[in-house]
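Here is the structure we will look at, set down as structure tokens.
Keep in mind the model is a prediction, meaning the values are calculated, not measured. Atoms within each ligand, like the ligands themselves, are counted from 1 in listed order.
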Amino acid sequence: VLDQGPDPLRYGPAEGVPVLRELIAQRLRLAGMDIAPSQVLILTGSEQGIYMVAQALLRPGDGVVVEAPTYPGALRTFRSLGAQLHPVPLDKEGMRLDVLEGVLAYQRPKLIYTVPTFQNPTGITMSLDRRRGLLELAWRYRVPILEDDPYSDLRYEGQHIPLIQALDRRNYVIYLSTFSKWLFPGLRVGWMVAPRGVASRLVGIKRSLDLCTSPLSQFIVFELIRRGVDHLDRILRIYRARRDALLSALDRHCRGFMEWGRPQGGFFVWCTLREGIQMEALQEEALRAGVAFISGKPFFLEGFDGERHLRLNFPRLPEGRIEEGIQRLALALRQAASRPEPKVEKAGELGTPPVV
Ligand SMILES: Cc1ncc(COP(=O)(O)O)c(C=O)c1O
């Protein structure tokens, strides 16, 4: 490794170690992107890229379009920089463009943030038509798109859909991805592909954040990928089996209590509770049954009904444990469903609120 470039224990270039940038550019070219290694900027996790783009493009009060629901880390970052968030709901094909157009026309946001492939938390993938339509709108209203894409390498079935970046002819897309989801999140190595116009500003921000991403981590990633060509194939086999185990366990144990999607890739199955099951009751029963899940709430802005949803994550557990977890969840669902509906408090019944 040491003869591949600079010493991995010294500071490296802010843009990233050249051999890794080249390797990423090669992989992206296979995925249909027409780019040079000089356009790849290595990040300390793709999370850092969200911050850098927000820092480069937004001032306090500027609007950002986000999907509803979306990745909470992005919501946190945009909020921390004082952005105003404009949620746009999803349907089976991704972000709803009819709603988006209204937001673009009347709110004049400065950025569109999307996780178009195997979205976190819904697992939804934006269709090709939607991707084209989204670009048309972005071009028309002159709003850049941040395509956050940690999961597209993890496809278990179906055809590859072109990345939005690869469809863009006008340099409107900034693309983010990461090695966190099929190598090691602890190495903290992600990357960005930015149009030339903003790349140097982004490198400046990167330098002021952490000088460079750990060169040691970058060399480890480079070597792991260079030596283990079939690692991703292995991961895909394992994760696909776990997804299938989760979907079949849901089918056998949870029908009638909730509905769920069938993601073609990624990490997540998104479930919607049937009417009459209260999230609070379900959480109590799940605790009793010894099973954990994430409620939909953190993925939405305030005012949205995230409490009707659950996000289930399948890559981390072997099939047997998934089956056991879903049996426990089914027990919790049954118990929660049999509880009486909470009484709606009438005005006045609450008394005077305590002063804190
Ligand atoms: C949509 C999305 N973006 C970004 C990240 C952050 O990943 P990283 O480990 O590369 O910072 C995640 C992690 O869960 C994610 O789901």
(message) I'd like to know whether ligand 1 has P185 as a neighbour, heavy-atom separation below 4.0 Å.
(response) no
Counting heavy atoms under 4.0 Å, the part of Y151 that contacts ligand 1 is side chain
For atom 12 (C) of ligand 1, the closest protein heavy atom turns out to be Y71 CZ, 3.5 Å
*Heteroatom distance test (Y113, ligand 1): nitrogen or oxygen, under 3.5 angstrom*: no
Per side chain to side chain donor-acceptor pair (under 3.5 Å), R339 is matched among E280, E284, Q278 by E284
re atom 3 (N) of ligand 1, the protein heavy-atom contact at minimum distance is D148 OD2, 2.6 Å
If we number the atoms of ligand 1 from 1 as shown, the ones under 4.0 Å from a heavy atom of G45 are 10 (O), 11 (O)
Of all protein heavy atoms, the one nearest atom 11 (O) of ligand 1 is R188 NH2, 2.8 Å
The answer for which part of Q48 has a heavy atom under 4.0 Å from ligand 1 is neither
The closest protein heavy-atom partner of atom 9 (O) of ligand 1 is S180 OG, 2.6 Å
Atom 10 (O) of ligand 1: closest protein heavy atom, distance to 0.1 Å, is T178 OG1, 2.6 Å
Original post:
So, the side chain of D168 versus the backbone of V173: is there a donor-acceptor pair under 3.5 Å, distance only?
Top reply: yes
Go through the steps to decide whether R240 and D244 satisfy the test salt bridge (Lys or Arg N to Asp or Glu O under 4.0 Å), and finish with yes or no. CA-CA 6 Å; R240 183 186 296 117; D244 292 347; 5.9 Å; no
More than 12 heavy atoms of other groups within 6.0 Å of E324 CD:
yes
Notebook entry, point to check: What is the ring orientation for Y113 with F78, classed by angle as parallel under 30°, tilted 30 to 60°, or perpendicular over 60°?
Noted result: perpendicular
Determine the interplanar angle of the W182 and F179 rings, folded into 0 to 90°, and report it as parallel if under 30°, tilted if 30 to 60°, perpendicular if over 60°. perpendicular
In terms of heavy-atom contacts, R131 and T117 come closest through NH2-OG1, 2.9 Å
Minimal heavy-atom distance between P195 and N171, with the atoms involved, is CG-O, 3.6 Å
* To do: Apply side chain to side chain contact (heavy atoms under 4.5 Å, CB included) to E47 and T178, showing your working.
  => CA-CA 9 Å; E47 183 80 37; T178 182; over 6 Å; no
Looking only at protein heavy atoms, what sits closest to atom 7 (O) of ligand 1 is S46 OG, 3.3 Å
of all protein heavy atoms, closest to atom 13 (C) of ligand 1 is K181 NZ, 3.0 Å
Counting from 1 in the order shown, the ligand 1 atoms closer than 4.0 Å to a non-hydrogen atom of P150 are 1 (C), 2 (C), 3 (N), 15 (C)
